[in-house]
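In what follows, chains carry the letters A, B, and so on, assigned in the order in which the sequence lines appear, proteins first and then strands, with residues in each chain numbered from 1.
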Amino acid sequence: MHIYDSVKKQKLPFEPITPSKASIYVCGPTVYDDAHLGHARSSLSFDLLARILKALRYDVTMVKNFTDIDDKIIKKVQESKQSLEEITTYYIARYLEDMRALGVQESDIEPKATESLEAMESMIQALIDRDIAYVTDDGDVYFDVSKDEKYGSISKMVGDDEDNQSRVEHTSQKRNPKDFALWKACHGDEDICFDTNFSKGRPGWHIECSAMIEKHFTGNNQYSIDIHGGGADLLFPHHENEASQSRCATGHELAKYWMHNGFVNINGEKMSKSLGNSFFVKDALNIYDGEILRNYLISIHYRNDFNFNEEDLLNSKKRLDKLYRLKKRITPTKASKPNIAFQKAIMEAMGDDLNISVALATIEDMISATNDKFDENPKDKGLKKETLANIEFLDEILGIGGKEPFSYFQIGIDEDTKNKIELLIKQRDEAKKAKDYTASDAIRDKLTAMGIATMDTADGTVWEKI
RNA sequence: GGAGCCAUCGCCAAGUUGGUAAGGCCGUAGAUUGCAAAUCUGCUAUUCACCAGUUCGAGUCUGGUUGGCUCCUCCA
């Protein structure tokens with residue numbers, strides 16, 4: 001297995017800190033709104049990673065957190081009259097529901113920041129004790145960036161502050177503009193506060209992840225975890241800060257490998273609230289089936305930017321259709337063992353930093369070669385069993401092809417319509433038998449108008465929703 | 001201002017350590033079909049934004065030009 005380390009900027013062989021085990025921590029969402037396509041892509045990227053590692057027999061521990069204390073959530077609490085817990089519980093459930101629809105396997109641990117406050121407090125306290133963090137008169141706690149000589153090693157953001165025209169607002173209480181908050185003291189009575197030795201307040205964003213990693217992973221004396229993942233936008237400052245505070249608190253590096261997934265753009269524009277083009281997963285799921293969306297979202301390498309548009313989605317759906325048409329040809333049958341060469345080719349592609357393009361090309365190869373053989377001998381039982389095993393293998397590795405093939409082509413069609421379609425097809429078959437092609441073609445036109453395509457096969461007519 | 005990424009067929013998109021351009025969509029010709037659809041087969045970039053260099057040899061390395069994009073503020 002090779003993965004691209006976005007800190008070292010090169011593809012490296014995956015050598016876990018503990019042989020045959022893989023510990024992964026992915027920055028999850030801040031739960032104050034529904035999940036958008038960007039969340040989906042991140043989730044899907046690391047879902048693929050976990051699936052491959054599992055198939056390679058690694059004992060994978062996947063942790064994806066929920067940031068459930070945050071200024072944006074607090075703002076929502078103040079606006080909505082709901083409690084923080086009501087809001088976060090709701091959006092966590094919504095997030096999990098959306099990801100499930102996309103076929104994302106559940107993480108082993110899904111920690112919440114609010115459940116890890118003790119770990120945060122002790123980490124902050126350790127940093128204060130070592131004089132790496134300082135408490136201001138207001139009770140805020142800041143991390144003193146100048147105390148960590150390795151600060152900047154993650155993002156390579158070497159900051160000469162004189163020249164830095166960043167738009168960071170400088171707080172007067174900070175010793176250094178680059179210092180970041182570990183703890184924010186609360187000011188009003190309505191604030192959401194937690195009591196600690198240093199002040200009443202709430203944690204900064206960065207410390208949440210560091211603390212949750214220390215809480216859930218043991219690591220070794222060099223690293224806490226193998227892989228730390230997240231969106232490309234988190235590299236700086238979030239991951240830089242995480243790495244720095246963890247390094248200073250634990251004496252070793254946070255992660256051996258860093259992986260970052262690219263963005264999702266909508267029709268060429270970055271998705272953002274200010275542009276008003278956020279595309280929520282739930283809205284996409286209203287239009288497209290989860291598996292079709294998944295197939296589309298994983299079809300482009302996780303590090304590339306993803307330009308979401310309907311044309312490409314339909315294109316990728318056509319590839320999935322072909323897989324399911326093949327599955328129709330072999331149904332019903334029982335799976336035997338997947339073809340070894342096929343399995344190996346897929347694993348090699350995906351083992352190369354999740355090279356999905358090569359994997360998809362391998363699938364196309366398999367599909368056309370198998371169709372070719374079935375054209376010769378439609379009843380090849382051995383091939384049917386192997387093909388089903390191949391497809392089940394794809395379901396395991398990529399999370400596609402797991403549906404019953406006839407229902408796949410009938411997604412979104414209700415029982416009444418289905419019965420109507422099947423009646424028409426029966427009438428058409430009778431007309432065909434009587435060689436009344438004018439009548440049979442008229443029925444086919446009617447079906448086409450309904451958005452239904454028909455296919456005459458040796459075993460009778462089958463139909464698909466176009 | 002600072003840091004970094006990208007540019008391959010009409011569209012999407014692969015391309016290990018440089019060795020002579022995967023795959024899909026679309027298009028097109030054919031096999032098959034009552035006709036279609038589905039399926040299969042053939043064709044579809046002498047060329048990788050542009051210029052120069054290194055090399056026996058570069059899409060792949062170096063320098064430059066142009067054009068996109070991201071981060072430096074919450075962000076997946």
Among [options], which nucleotide sits nearest the side chain of [X]?
X: A/R319; options: B/G34, B/C69, B/G23; answer: B/G23
X: A/M271; options: B/A37, B/A13, B/A76; answer: B/A76
X: A/I300; options: B/C40, B/G23, B/A13; answer: B/A13
X: A/C27; options: B/U39, B/A76, B/U41; answer: B/A76
X: A/M455; options: B/C71, B/G4, B/A37; answer: B/A37
X: A/K322; options: B/A76, B/C74, B/C25; answer: B/C25

Looking at every strand, decide which applies to [X] at a 4.0 Å heavy-atom threshold: base, sugar-phosphate, or nothing.
X: A/D456; answer: base
X: A/V462; answer: nothing
X: A/N315; answer: base
X: A/R325; answer: sugar-phosphate
X: A/S440; answer: base
X: A/D233; answer: base
X: A/G38; answer: base
X: A/F374; answer: nothing

Could you give the [atom1]-to-[atom2] distance, from [X] to [N], as a whole number of Å?
X: A/E364; N: B/A22; atom1: CD; atom2: P; answer: 16 Å
X: A/D441; N: B/A37; atom1: CG; atom2: C1'; answer: 12 Å
X: A/E348; N: B/A14; atom1: CD; atom2: P; answer: 19 Å
X: A/L323; N: B/G23; atom1: CG; atom2: P; answer: 19 Å
X: A/I154; N: B/C72; atom1: CD1; atom2: C1'; answer: 16 Å
X: A/D429; N: B/A37; atom1: CG; atom2: P; answer: 18 Å
X: A/I346; N: B/A22; atom1: CD1; atom2: P; answer: 19 Å
X: A/R303; N: B/C6; atom1: CZ; atom2: P; answer: 9 Å

[N] and [M]: how far apart are their [atom1] atoms, nearest whole angstrom?
N: B/U39; M: B/U46; atom1: C1'; result: 33 Å
N: B/A31; M: B/A45; atom1: P; result: 24 Å
N: B/U47; M: B/G19; atom1: C1'; result: 16 Å

For this output row, return yes or no: ring centroids of [X] and [Y] closer than 6.0 angstrom.
X: A/H36; Y: A/F280; answer: no
X: A/Y95; Y: A/F66; answer: yes
X: A/F180; Y: A/Y142; answer: no
X: A/Y302; Y: A/Y4; answer: no
X: A/Y91; Y: A/Y32; answer: no

Strand partner of [N], provided both Watson-Crick or wobble distances fall under 3.5 Å:
N: B/G19; result: B/C56
N: B/G42; result: B/U28
N: B/U47; result: none
N: B/C74; result: none
N: B/A13; result: none
N: B/A7; result: B/U66
N: B/C35; result: none

Would you tell me whether A/C186 and A/C193 have their SG atoms within less than 2.5 Å of each other?
yes

Heavy-atom nearest nucleotide on RNA chain B taken for A/R428 and for A/E464; more 5' hit belongs to A/R428

Does the ring of A/Y437 meet both stacking tests against the six-membered base ring of B/G34: centre distance under 5.5 Å and plane angle under 30°?
yes

So does A/G401 get a backbone contact from the side chain of A/K327, meaning a donor-acceptor N/O pair under 3.5 Å?
yes

Suppose we call a contact any N or O donor and acceptor under 3.5 Å apart; does that hold for the side chain of A/H301 and the base of B/A13?
no

Ignoring hydrogens and angles, answer whether the base of B/A36 and the side-chain atoms of A/R444 contain a donor-acceptor pair closer than 3.5 Å.
yes

Should the pair A/D71-A/K75 be classified as a salt bridge under the 4.0 Å nitrogen-to-oxygen rule?
no

